2 protein chains.
Amino acid sequence: MEKEEREAVCPLKYALNLVGGKWKLPIICILAREESVRYNSLKRKLCGITNMMLSQSLKELEENGIVHREQYNEIPPRVEYSLTKEGRSILEPLDSLSEWGKTHMDRMQTQSPYCRECRDTK
Amino acid sequence: MEKEEREAVCPLKYALNLVGGKWKLPIICILAREESVRYNSLKRKLCGITNMMLSQSLKELEENGIVHREQYNEIPPRVEYSLTKEGRSILEPLDSLSEWGKTHMDRMQTQSPYCRECRDTK
DNA sequence: CCGCATCCTCCCCGATACTG
DNA sequence: CAGTATCGGGGAGGATGCGG
């Protein structure tokens with residue numbers, strides 16, 4: 001994902017790659033419901049994530065213009081993460097996919113409760 | 001993906017899992033533009049796919065109600081694959097994600113041509 | 001408090017060969 | 001023509017520990 005192999009990539013695969021991986025979607029869902037969130041607060045809400053994965057996911061999301069990182073040089077250090085305007089604009093497409101998923105789950109008799117993070121992005 | 005570990009799954013992750021993996025999206029994009037396609041025709045359009053991956057992907061898509069498999073008992077054997085009505089209904093959400101991706105690619109100065117399969121699902 | 005480096009594990013996917 | 005069986009490599013992601 002970090003490799004500079006800029007091949008032919010269709011916009012759909014491109015978009016899916018940006019939010020791909022295990023943790024990016026949960027991160028986006030949390031940031032969607034709050035103005036800005038501190039690193040450790042984010043970590044507590046994402047049960048089971050390691051520092052490694054959280055910082056890496058945030059870094060990639062930031063590089064792709066989805067997430068904004070605001071660092072305050074205080075003691076103790078404080079860093080706030082939030083969705084950029086670009087980042088917020090992906091919520092609508094994701095919601096429509098989520099709607100499709102909900103309908104499809106019902107139709108396929110796949111009874112599953114919703115996860116805590118992604119319950120509702122609206 | 002075949003494991004019976006029906007945990008809590010949000011509709012969004014659920015939907016993304018159905019079209020996840022390396023080949024399912026290209027397959028869907030091809031089937032979106034034709035009424036029905038034979039196995040070997042599908043294989044020729046998907047440069048580089050193996051029998052293993054093609055049959056496995058089709059099987060999972062069929063189990064999930066996205067793809068319909070019609071078998072004709074002729075000699076030589078003939079099998080036609082097509083999108084179900086359910087399958088076609090996911091094209092709209094995917095298109096809106098694709099639109100977002102296109103806009104975002106432009107804004108991020110990521111110049112990339114589109115791939116052959118996903119050029120346009122409409 | 002925030003984040004990186006290293007090592008290790010698991011499973012997706014490819015290559016190859018074979019069958020009705 | 002339309003698949004299945006088996007083996008193995010590589011990359012994503014987890015565990016642990018260190019650094020500013």
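Lettering follows sequence order; numbering is per chain, from 1. None of the values given here were measured: they were computed from a predicted structure. What you see below is based on every heavy atom in this structure, not just the backbone, and it leaves out hydrogens, waters and symmetry mates.
- For the pair B/Tyr81 and D/dG3, the criterion of a side-chain N or O lying under 4.0 Å from OP1 or OP2 is met.
- Of all heavy-atom pairs spanning B/Ile30 and B/Lys45, the tightest one is CD1-CB, 3.6 Å.
- Nearest-nucleotide mapping onto DNA chain D: of B/Leu58 and A/Met52, the residue sitting toward the 5' end is B/Leu58.
- A/Ile49 CD1 to A/Arg44 CZ: the interatomic distance, rounded to the nearest 0.5 Å, is 13.5 Å.
- No donor-acceptor distance shorter than 3.5 angstrom exists from the side chain of B/Ser36 to the backbone of B/Tyr81, with no hydrogens or angles considered.
- B/Glu60 places its CD atom 13 Å from the C1' atom of C/dC11, with the value rounded to the nearest Å.
- Regarding A/Ile49, its CD1 atom lies at a distance of 8 Å from the P atom of D/dG14, rounded to whole Å.
- Here C/dT19 presents its C1' atom at 13 Å from OH of B/Tyr39, a figure rounded to the nearest Å.
- Distances shorter than 4.0 Å separate some side-chain N or O of B/Lys22 from OP1 or OP2 on C/dG14.
- A straight line from CD of B/Glu80 to P of D/dG3 spans 11 Å, rounded to a whole angstrom.
- Side-chain contact check for B/Tyr39 versus B/Leu54: some heavy-atom pair is nearer than 4.5 Å.
- When rounded to the nearest whole Å, the span between CG of B/Asn17 and C1' of C/dC12 equals 13 Å.
- Note: CD (B/Gln71) to C1' (D/dA2) measures 9 Å, nearest angstrom.
- A/Tyr72 comes within contact range of no nucleotide atom at all, as no heavy-atom separation falls under 4.0 Å.
- For the pair A/Lys24 NZ and D/dG13 C1', the computed distance is 12 Å after rounding to whole Å.
- Among the atoms of the strands shown, only primed sugar atoms or phosphate atoms (P, OP1, OP2) are found under 4.0 Å from some heavy atom of A/Lys59.
- When the shell of 6.0 Å around CD of A/Glu34 is examined, it contains more than 12 heavy atoms from other residues, nucleotides or ligands.
- Taking atom CD1 of B/Ile27 as the reference point, atom P of D/dG3 lies 12 Å away to the nearest angstrom.
- Of the candidate nucleotides D/dC1, C/dC13, D/dG14, D/dG14 has the atom nearest to the side chain of A/Met53.
- Of the residues near DNA chain C, B/Gln56 and A/Ser41, the one whose nearest nucleotide (by heavy atom distance) lies more toward the 5' end is A/Ser41.
- Here the closest non-hydrogen pair linking A/Leu25 and A/Leu94 is CD1-CD1, 4.0 Å.
- With distances taken from any side-chain atom of B/Pro77 to the nucleotides C/dC1, D/dA2, C/dA15, the minimum falls on D/dA2.
- In this structure, the nucleotide among D/dC1, C/dC13, D/dG3 sitting nearest to the side chain of B/Trp23 is C/dC13.
- Phosphate contact (OP1/OP2 of C/dC2, side-chain N/O of A/Arg38, threshold under 4.0 Å): present.
- Counting any heavy atom pair closer than 4.0 Å across all strands shown, B/Asn51 reaches a base atom.
- Looking at the side chain of B/Arg78, the nearest of the listed nucleotides D/dA2, C/dC1, C/dG14 is D/dA2.
- Counting only heavy atoms from C-beta on, B/Ser55 has its side chain closest to D/dT4 among D/dT4, C/dC1, D/dA2.
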